[in-house]
Structures are given as structure tokens and as C-alpha cells.
2 protein chains.
Amino acid sequence: MTAETQASERRKTALSRDAIIAAAIEILDAQGEGALTFRALAARLATGSGAIYWHVADKQELLAAVADQVIARIMVDQADGAEPSEAIRIFALAVFDAIDAHPWIGGQLSRDPWQHAVLRILEAVGGHVRALGVPADAQFNVATAIMSFLLGLAGQYALGAGMAEGGIDRTTALEEIAARWAKLDPENYPFVRFIATQLPGHDDREQFLAGIDLILAGIEPLRDVAATARHQSSPVFPGGQ
Amino acid sequence: MTAETQASERRKTALSRDAIIAAAIEILDAQGEGALTFRALAARLATGSGAIYWHVADKQELLAAVADQVIARIMVDQADGAEPSEAIRIFALAVFDAIDAHPWIGGQLSRDPWQHAVLRILEAVGGHVRALGVPADAQFNVATAIMSFLLGLAGQYALGAGMAEGGIDRTTALEEIAARWAKLDPENYPFVRFIATQLPGHDDREQFLAGIDLILAGIEPLRDVAATARHQSSPVFPGGQ
DNA sequence: ACCTGAACACCGTTCAAGT
DNA sequence: ACCTGAACACCGTTCAAGT
């Protein structure tokens, strides 16, 4: 809704990579992943479909650029003086909110782990892991584990919102899934049936944060507290949850 | 390589859902995700592409069935009398090995979290979480957090092996990525640059297990040990790693 | 009931031709 | 240098027509 809203005149302004990315984000947000074709994009930009290829190598690069744009926006550190474990929670929630606002980004992030948007996230996660006092030889495994959790969630929420695209209400969709799960064989699927009862009422955000806290609690015994000397206000870590 | 190897005679035996799934797995394993088209599948089965639709609703259902088949195979519990936290490690490694052997399954699992194959994994994870003595009201969050980690990894390894499909050696591919990361701006990407030095030499399996151990360590304070009375041989849990 | 295969409605991508 | 848009080589899916 910013610069080139509708497909009508246009073509006075020159086409640019940024304009293409902006238009792609508009299509993705408004109509979802399936609606982003080079033809639709060209129509919105009032240009030929081939013109896009002059500014962007192919669709994969376009999607990577689009994801990078969105992730870059949340990369301003919202947790200035916060204690490191709190800072990582705040950052993770920012990622969560970005996926929630642009569900298509979940699929994109988990589809290509080497793209720049993922590097941005990894860098941020790594910085927080360092600040937590995780020893150097454990930082690789800890940071990538957190990344895996984030990307796994990302993929999941992309799908959850994918249903919402179809016009189906979120809670009724969850109720449908829960009903299907409840019909599973009690012998072989006791746990899934148990989970089913909690599925419709659960809070995504709380579930997400619980996962982060689980990992943070797991990091706790690894911490070298001397390395985080400046953050001694809070004691050690309250424990789980 | 089992029943209907080459596309030649055939058509004496009737087409069946199982035969279609088996052929699909063969194509996926041999030539990767991109090679599985209904035309290629029909050619391999020496039938018309439309015939497949009599046994399978669409491609999404086919991929879900294929993933379910592969995951079902690893669902025999390999950790009979093992202590619960060891049992979950063994199971997670079985999932890891399945993804390693069939890289395409990673993408498929993370693409649709409601498919049956994912339910199978969730059920197994949940059972182990229960055996660990996680209280009922925390089981949902803990089990889904582990699932997210598994699916996140799944997506990643699908990609890692996706390169291998292109004929590029795995270690040289990692070296290439590491070289690209090393060129990043030291100001903005110190952690990624640090990680880059460890990337080529690292062991996927060990990295994966470290992530599982991190989560297991995080679960530790949640455990109600009385609930796991029969597994009192090992003391509590040695701590991180 | 099950299979055939041409046809339909799309894709991403290319490329001669224009300005 | 940048854009046009028809054309190419694919897809998944449908469906009249066969057996």
C-alpha cells in the first residue's frame, strides 16, 4: 500500500529491484504464497514478466530477497539493557511475530537455510548465546539448535496460517484437526489423543515461549557466569519455565 | 529395486496404491524431489499419468503417504529397556538417520505438520516425554518443542542433501559456504564468521545429538521423578551435554 | 472397476525484438 | 541499458473414451 498500489498507469518510474520486492511482499501478504507468480507480479508492476529477470536472477533469489527485507526490519535490537536470557526471549518473540504477520516467511526460511535472512537470525542468536556465557566450543551447537527450533516453528506456523488463507477460521480449523486426532486408535495414539484436547484452546505464543524457555534452561548448566560479569543483577536463572 | 524395477513390460499386474508409493520412493531416493512428477511416475509404472489418480487423490496425498511409509519403518522401538532420556536419544537418532537416508523426507515433514507421518513422530516423542516424568500440563509444550526442533533439522538436512544431488561433494559444499561466510562484514557478522571456521569439519550427527541433549537438560527440572519410579538405576541426570 | 492419453490451465524462464 | 511479450518446456489435474 506504499508506493505503487494498483496495476494501472505505471511505467513512468523505472522498474527497480526494490519496487519488485515491495510488490512481491504486497502480493504475499494479501494473497499468500501461491499467488506470487511472475505474471501476477508483472501485472501489478504494469510491466512484462520478462522485465523482472533483468533485476532479479530467478524466483528463488526473489523470495530470498523478500525474506531478507522482512527479517532485516526486526533486526533492530529491542532489548538494550536486558539480561541476556531475557534478551533472547525478546528476540525470539520478534521472529515469532514476524512469521505471524507474514506467514509465508516461515516456509521460505525453512526452505533455504543458507539464505541471508537466516544468517541474520543466526548472527543475532549467536550474539545472545555468547552474551549468555556459553563457552566458545559449545556456541556452534547451541546456536544452531536454537535456529532449528525457530525454523521448525517457522515452517509450522506457515502452514497454520496457510489454512487461514483458505478462509477457514483458525480455531475451527484446530477443532477440526483435534476431532480427527480424537478418532485415532487409542491403543497406538494415546498421546496424540491427549494432546488433541488441548489443541483448540492453546496459545501459540505461549507454546513458542515455553520451547524457548526449555532450551534456555538446558543452556543454564553450560554457562560460564564469569564471562557475563556485567549482567549480575539477576541471580542465576530461576529454573524451568 | 524390489518389484517393478524398470519401465518396460508391466501392466499384467494391476496398479495399486502400494506399487505407486513404492515407485515414488524409488524415484525420490534415486533422483530427488524434483524428479517426482506424475509423468515420470506413470512412465516407471508403464501406465498413463491419469491412472495414478484412481488410487491417489493428488500429489500432496502421495507425498504424505510416501513419508508415512518411510517413517512407519523406524517406528519399531529400538530402545526396549533403556532409561527414558536415553530412549528419546535413540529415537531421535532414528529420525535423523531416516532423514539422512531419504533427504527428501525432511522437506516433506516440515511442509505439512498435520500429516500422518508427523503424528507418528509426535506420538513417539510424547510417549518418551511421559516416561521422563514430565507433568501432564507441561507435556504438550515439551513434546511440541521437541517436534519443532526435529522438523527444523529435517528441513535443513533436506537442503544439505539437496546440494549433494547436484553432484557437489558435501564437504566441498560446506567449504564453499564457509568461504562465503568468512567474507561477511566482521562488524555485523562476527558470530557467523566464527561459526564458519567450524562448519566444514563438523559432524551433523553430533550437532543433532547436542541439540537433543540441550532440550533434555532443559526438561530435567520439570521432571517428577516419582512418576518414573521403575527407572531408578541412573541417579538423576548428569547435567548438560 | 480400472486404465488411457490427449487436453486444459497453469508455471518459471528465455530471447528475439523493440526503445 | 532496459523493457516487451510471445514462445518454450515443463507442471498437476481432468475427463471423455476405452476395456
Side-chain angles (χ1 to χ4, degrees), chain A residues 3-4 7-25 27-28 30-67 104 107-108 111-112 115 162 165-166, chain B residues 3-4 7-25 27-28 30-67 104 107-108 111-112 115 162 165-166:
Chain A
E4 34 276 324
S8 45
E9 16 56 78
R10 236 235 168 241
R11 111 187 340 141
K12 15 193 143 176
T13 356
L15 202 54
S16 72
R17 194 179 150 93
D18 285 342
I20 292 170
I21 291 171
I25 292 178
I27 292 176
L28 286 164
Q31 313 178 67
E33 213 167 342
L36 183 66
T37 67
F38 274 70
R39 272 169 251 261
L41 196 50
R44 187 179 197 97
L45 292 165
T47 182
S49 59
I52 298 166
Y53 284 88
W54 207 93
H55 298 93
V56 155
D58 52 25
K59 193 170 186 181
Q60 196 185 321
E61 195 200 288
L62 173 63
L63 285 169
V66 152
W104 46 268
Q108 173 56 25
R111 201 167 300 123
D112 180 5
Q115 68 185 305
E165 257 173 51
Chain B
E4 34 277 324
S8 45
E9 17 55 79
R10 235 231 169 243
R11 112 186 338 142
K12 16 191 145 180
T13 355
L15 202 55
S16 72
R17 196 179 149 92
D18 285 342
I20 292 170
I21 291 171
I25 293 178
I27 292 175
L28 286 164
Q31 313 178 67
E33 212 166 344
L36 183 66
T37 68
F38 274 70
R39 272 167 251 262
L41 196 50
R44 187 180 197 96
L45 293 164
T47 183
S49 60
I52 297 165
Y53 284 89
W54 207 93
H55 297 94
V56 155
D58 52 24
K59 193 171 186 181
Q60 196 185 321
E61 194 199 289
L62 173 63
L63 284 169
V66 152
W104 46 268
Q108 173 55 26
R111 200 167 300 123
D112 179 7
Q115 68 186 305
E165 257 172 52

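Quantities reported herein were computed from a predicted structural model and do not represent experimental measurements. Chain identifiers are assigned alphabetically (A, B, ...) following the order of the sequence lines, protein sequences preceding nucleic acid strands; residue numbering begins at 1 within each chain.
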Quiz item: OH of B:Tyr53 versus P of C:dC2: gap in Å, rounded?
Solution: 19 Å
Quiz item: Taking CG from B:Leu41 and P from C:dC3, how many angstroms apart are they, rounded to a whole number?
Solution: 13 Å
Quiz prompt | Non-hydrogen side-chain atoms of B:Leu36 and B:Leu63 separated by less than 4.5 Å | solution = yes
Practice problem: Among D:dC11, D:dT14, D:dC3, find the nucleotide with the atom closest to the side chain of A:Trp54. | Solution: D:dC3
Practice problem: Using a 4.5 Å cut-off on heavy atoms from C-beta on, say whether the side chain of B:Gln115 contacts that of B:Glu61. | Solution: no
Practice problem: Could you state the atom-to-atom distance from NZ of A:Lys59 to P of C:dT13 in whole Å? | Solution: 8 Å
Quiz prompt | Pair assignment for C:dC15, Watson-Crick or G-U wobble, requiring both distances under 3.5 Å | solution = D:dG5
Quiz item: Are any of the side-chain heavy atoms of B:Arg17 and B:Val56 separated by less than 4.5 Å?
Solution: yes
Practice problem: Whole angstrom is fine here: how far is it from CZ in B:Arg39 over to P in D:dC10? | Solution: 10 Å
Quiz item: Rounding to a whole Å, what distance do you find between A:Leu15:CG and D:dC3:C1'?
Solution: 9 Å
Exercise. Would you mind reading off the distance between A:Ile52 atom CD1 and C:dT13 atom C1', rounded to a whole angstrom?
Key: 11 Å
Quiz item: Is the shortest heavy-atom distance from the side chain of A:Thr37 to the side chain of A:Ile27 under 4.5 Å?
Solution: no
Practice problem: Determine whether A:Leu62 and A:Asp58 make a side-chain contact, defined as any pair of heavy atoms from C-beta on separated by less than 4.5 Å. | Solution: no
Practice problem: Compare the minimum distances between each of C:dA7, D:dT14, C:dC3 and the side chain of B:Ala14, then state the nucleotide with the smallest one. | Solution: C:dC3
Exercise. Give the rounded distance in Å between these two atoms: CZ of B:Arg17 and P of C:dA1.
Key: 19 Å
Exercise. Give A:Leu36 one of three labels, base, sugar-phosphate or nothing, depending on what nucleic acid heavy atoms sit under 4.0 Å from its own.
Key: sugar-phosphate
Practice problem: Side chain of B:Ser49 only, please: which of D:dG12, D:dC3, C:dA6 is the nearest? | Solution: C:dA6
Quiz item: If each of B:Ala51 and A:Gly50 is mapped to the nucleotide of DNA chain D with the nearest heavy atom, which maps nearer the 5' terminus, i.e. the 5' end?
Solution: A:Gly50
Self-check item: Integer-rounded Å distance: D:dG12 P and B:Glu61 CD
Solution: 15 Å
